[in-house]
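Working notes, structure below.
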There are 2 protein chains.
Amino acid sequence: MISTITMKWDGKSLELIDQRKLPLVEEYVKCGTSDCVAHAIKDMIVRGAPAIGASAAFGYVLGAIENRSNLTLIAMKEVKHKLATTRPTAVNLFWALERMHSKFLELYSDKNENEVIEILKIEAEKIAEEDMEINKRMGNFGQELFSNDATVITHCNAGALATVDYGTAVGVIHAALDHGKKIHAYVDETRPYLQGARLTAWELLKLGVDTTLICDNMAGWVMKTRKVDAIIVGADRIAANGDTANKIGTYSLALIAKKHGVKVYVAAPLSTIDVSIQDGSKIPIEERSHDEVTQIRGVKIAPENVKVYNPAFDVTDAELVDAIITERGVLRYPYTESISKVFK
Amino acid sequence: MISTITMKWDGKSLELIDQRKLPLVEEYVKCGTSDCVAHAIKDMIVRGAPAIGASAAFGYVLGAIENRSNLTLIAMKEVKHKLATTRPTAVNLFWALERMHSKFLELYSDKNENEVIEILKIEAEKIAEEDMEINKRMGNFGQELFSNDATVITHCNAGALATVDYGTAVGVIHAALDHGKKIHAYVDETRPYLQGARLTAWELLKLGVDTTLICDNMAGWVMKTRKVDAIIVGADRIAANGDTANKIGTYSLALIAKKHGVKVYVAAPLSTIDVSIQDGSKIPIEERSHDEVTQIRGVKIAPENVKVYNPAFDVTDAELVDAIITERGVLRYPYTESISKVFK
């Protein structure tokens with residue numbers, strides 16, 4: 001049993017808060033099948049790298065339940081493939097599916113179907129519980145980077161909603177509050193999907209953070225004319241050298257931050273680090289639908305026939321990142337060394 | 001008589017295309033009073049520094065017509081004040097009103113009301129006609145900076161709609177096309193008011209430019225991963241040292257452009273240069289309503305109680321600007337010298 005704002009799991013179905021409708025409507029989508037979970041990830045009912053990972057793990061369990069009468073390797077490979085091809089950039093998706101599938105490979109020739117499914121359930125729940133635990137540890141390490149009355153800029157949503165609970169970047173802010181520090185946050189609205197305006201602003205207000213919403217193109221001017229201590233973001237995939245794929249716009253923010261002496265912090269669990277990828281140039285960047293840019297919640301804002309380029313992520317060079325906050329401590333540049341050390 | 005897409009003037013009323021409704025609806029608002037024109041400027045029915053200037057000049061004429069029976073200095077000072085307090089950043093507004101008011105000061109003690117009004121009409125029409133002429137000259141100078149197959153990024157709308165006709169930055173693109181060059185444009189959507197998505201994309205498609213719409217936070221990634229030759233923007237006010245106030249986000253774009261060897265060009269008539277202001281720190285930056293950020297065309301996208309910071313403009317340091325394109329030629333850094341030379 002898992003029950004957070006982001007997701008509820010009762011062993012037979014996964015309920016996901018529909019993040020497309022927040023903050024105006026709080027509505028859950030109930031998925032009793034692996035197809036439904038795949039669809040929820042693809043359509044961004046659930047988003048955020050760690051949340052996608054945990055959802056995929058539960059989706060894998062639902063796939064096993066669907067195949068109970070004939071729980072073969074081929075069937076589960078198909079389930080894994082279906083869930084893995086929903087989104088390409090966040091590595092936590094593949095990490096969670098690999099972990100589930102390895103467990104299946106260990107078991108399926110020795111145990112009966114019911115036993116296998118029970119053990120897979122336990123594994124998926126462990127992934128979800130570990131995520132919450134990891135985020136709290138990350139928060140505690142990360143909050144040490146902030147003094148009282150610090151001002152941060154957030155981009156996208158790396159909050160409770162992007163994870164099973166508590167959040168990565170927002171988790172660090174949460175932990176700072178728990179340590180009695182006051183935090184001011186400028187929240188980038190984060191076009192096109194508006195995760196900042198819709199999700200992060202909502203979460204930070206609930207936490208009692210002094211929150212100011214801005215458009216993405218205002219962040220540079222805020223850094224130039226007001227006191228900003230740090231940019232704090234999550235990540236969708238980090239290469240072995242520390243190059244960081246995160247929501248589109250992070251790269252620009254980091255460049256501008258460097259110019260103004262503003263720190264750039266990435267908060268991400270180790271499952272976000274893909275040591276199989278040497279640098280950021282190897283990270284596939286998802287391009288999403290044109291409608292996300294030409295329409296906002298169904299309202300058209302551009303001429304019918306215009307071309308659109310809509311990359312969902314960009315890659316920030318490792319040397320622009322001042323620290324990567326993980327559940328094993330704060331990693332520093334050069335990351336090739338600090339990352340390889342933590343993975344030993 | 002003036003008749004362009006942006007505005008139509010028949011001597012008794014000013015029709016303005018409602019730029020809030022473009023590109024989905026092409027609707028004109030007819031103003032027979034100076035109050036109506038002031039309202040149209042304030043509410044951004046008409047926007048863009050040169051278009052605001054010309055509109056204010058016609059508004060001044062309407063103010064004189066309203067006061068025909070008692071055309072006093074006090075009355076016209078009030079008309080001027082009403083029109084001048086609509087928006088604070090674009091200097092063309094004050095420039096055009098000063099020009100109209102000086103004409104009035106020259107005349108009002110010697111001529112009768114009807115004669116004064118006729119001469120004011122001629123002066124306002126001259127401002128509008130000169131604007132079109134100036135933009136074409138600017139375009140011809142500016143297009144020399146572009147080779148065939150050049151790729152540019154635009155921000156906000158500095159097109160025909162931002163002027164009486166032809167445009168400043170878009171005018172340069174227009175002139176390049178007229179010289180047989182092919183131009184590719186990435187159009188920043190330009191939050192919060194979406195002038196790029198709604199107006200520039202619409203204009204460039206009409207001109208036959210290969211146009212790709214992006215969100216503002218994608219421009220940096222485009223510069224990093226694709227060939228971009230230049231950023232080309234208009235301006236709302238340029239200080240004597242070349243510091244340039246333009247739509248919020250221009251400063252960030254320029255910083256990122258420098259990092260990638262992308263040129264930064266500003267296209268603006270001399271009426272945009274405020275030699276009375278030494279540097280950009282003296283330019284007042286308008287802050288606009290919270291609703292522009294928390295709602296998009298009436299659709300709410302943020303929690304009810306969130307604070308908002310909504311500066312409409314920012315200031316780009318002169319040293320980030322590679323050239324200022326004017327109707328008197330292309331000015332180069334250091335602008336303190338090149339600007340003072342052109343104003344001699």
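Note that this is a predicted model, so its numbers are computed, not measured.
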Q. Between atom CG of Leu205(A) and atom NZ of Lys307(B), what is the distance when rounded to the nearest 0.5 Å?
A. 10.0 Å
Q: Between chain B and each of Pro303(A), Ala219(A), Ser252(A), count heavy-atom pairs under 4.5 Å; write down the option with the most.
A: Pro303(A)
Q.
With heavy-atom distances below 4.5 Å as the criterion, would you say the side chains of Glu189(A) and Ile296(B) are in contact?
A. no
Q: Kindly check if the number of other-residue, nucleotide or ligand heavy atoms within 6.0 Å of NZ (Lys258(B)) is above 12?
A: yes
Q) Which region of Ile285(A), side chain (C-beta onward) or backbone (N, CA, C, O), has a non-hydrogen atom less than 4.5 Å from a non-hydrogen atom of chain B, or is it both or neither? A) side chain
Q | Pairwise distance CD1(Ile301(A)) to CZ(Arg191(B)) - rounded to 0.5 angstrom | A | 8.0 Å
**Q.** Residue selection (most heavy-atom pairs with chain A, distance under 4.5 Å) from Thr211(B), Asn310(B), Asp188(B), Thr294(B)
**A.** Thr211(B)
Q | Contact winner vs chain A - Trp202(B), Tyr186(B), Tyr309(B), heavy-atom pairs under 4.5 Å | A | Tyr309(B)
Q: Compare every heavy atom of Pro192(B) with every heavy atom of Cys215(A), then report the nearest pair and how far apart it is.
A: SG-CB, 3.8 Å
(Q) Between Val308(A) and chain B, with a heavy-atom cut-off of 4.5 Å, which part of the residue counts as in contact: side chain, backbone, both or neither? (A) both
Q) Looking at Lys224(A), His155(A), Glu292(A), Arg297(A), which one has more heavy-atom pairs under 4.5 Å with chain B than the rest? A) Lys224(A)
Q) Relative to chain A, which segment of Leu194(B) carries a heavy atom at a distance below 4.5 Å: side chain, backbone, both, or neither? A) side chain
Q. So which part of Ile214(B) gets closer than 4.5 Å to some heavy atom of chain A, the side chain, the backbone, both or neither?
A. both
Q) With respect to chain A, which residue among Leu253(B), Thr250(B), Asp210(B) yields the maximal number of heavy-atom pairs within a distance under 4.5 Å? A) Asp210(B)
Q) Considering residues, nucleotides and ligands other than Lys181(B), do more than 12 of their heavy atoms fall under 6.0 Å from its NZ? A) yes
Q | Pick from Gly220(B), Gly298(B), Ala197(B) with the largest number of heavy-atom pairs that fall under 4.5 Å of chain A | A | Ala197(B)
Q: Using atom types as modelled and distance alone, determine if a side-chain donor or acceptor of Asn217(B) lies under 3.5 Å from a backbone N or O of Thr190(A).
A: no
Q: Evaluate whether atom CD of Gln278(B) has more than 12 neighbouring non-hydrogen atoms of other residues, nucleotides or ligands under 6.0 angstrom away.
A: no
Q) Which heavy atom in His260(A) sits nearest to a heavy atom in Tyr251(B), and how many Å separate them? A) NE2-OH, 2.5 Å
Q: Could you pull out the closest heavy-atom pair between Leu24(B) and Lys300(A), with the gap in Å?
A: CD1-O, 3.2 Å
(Q) Do Val315(B) and Trp221(A) have side chains that approach each other closer than 4.5 Å (heavy atoms only, starting at C-beta)? (A) yes
Q: Check the pair His290(B) / Leu213(A) against side-chain contact (heavy atoms from CB on, under 4.5 Å), numbers first and verdict last.
A: CA-CA 9 Å; His290(B) 293 190; Leu213(A) 180 64; over 6 Å; no
Q.
Please check if the number of heavy atoms outside Glu319(B) that lie under 6.0 Å from its CD is greater than 12.
A. yes
Q | Interatomic spacing from CG in Asp314(A) to OG1 in Thr225(B) - rounded to 0.5 Å | A | 9.0 Å
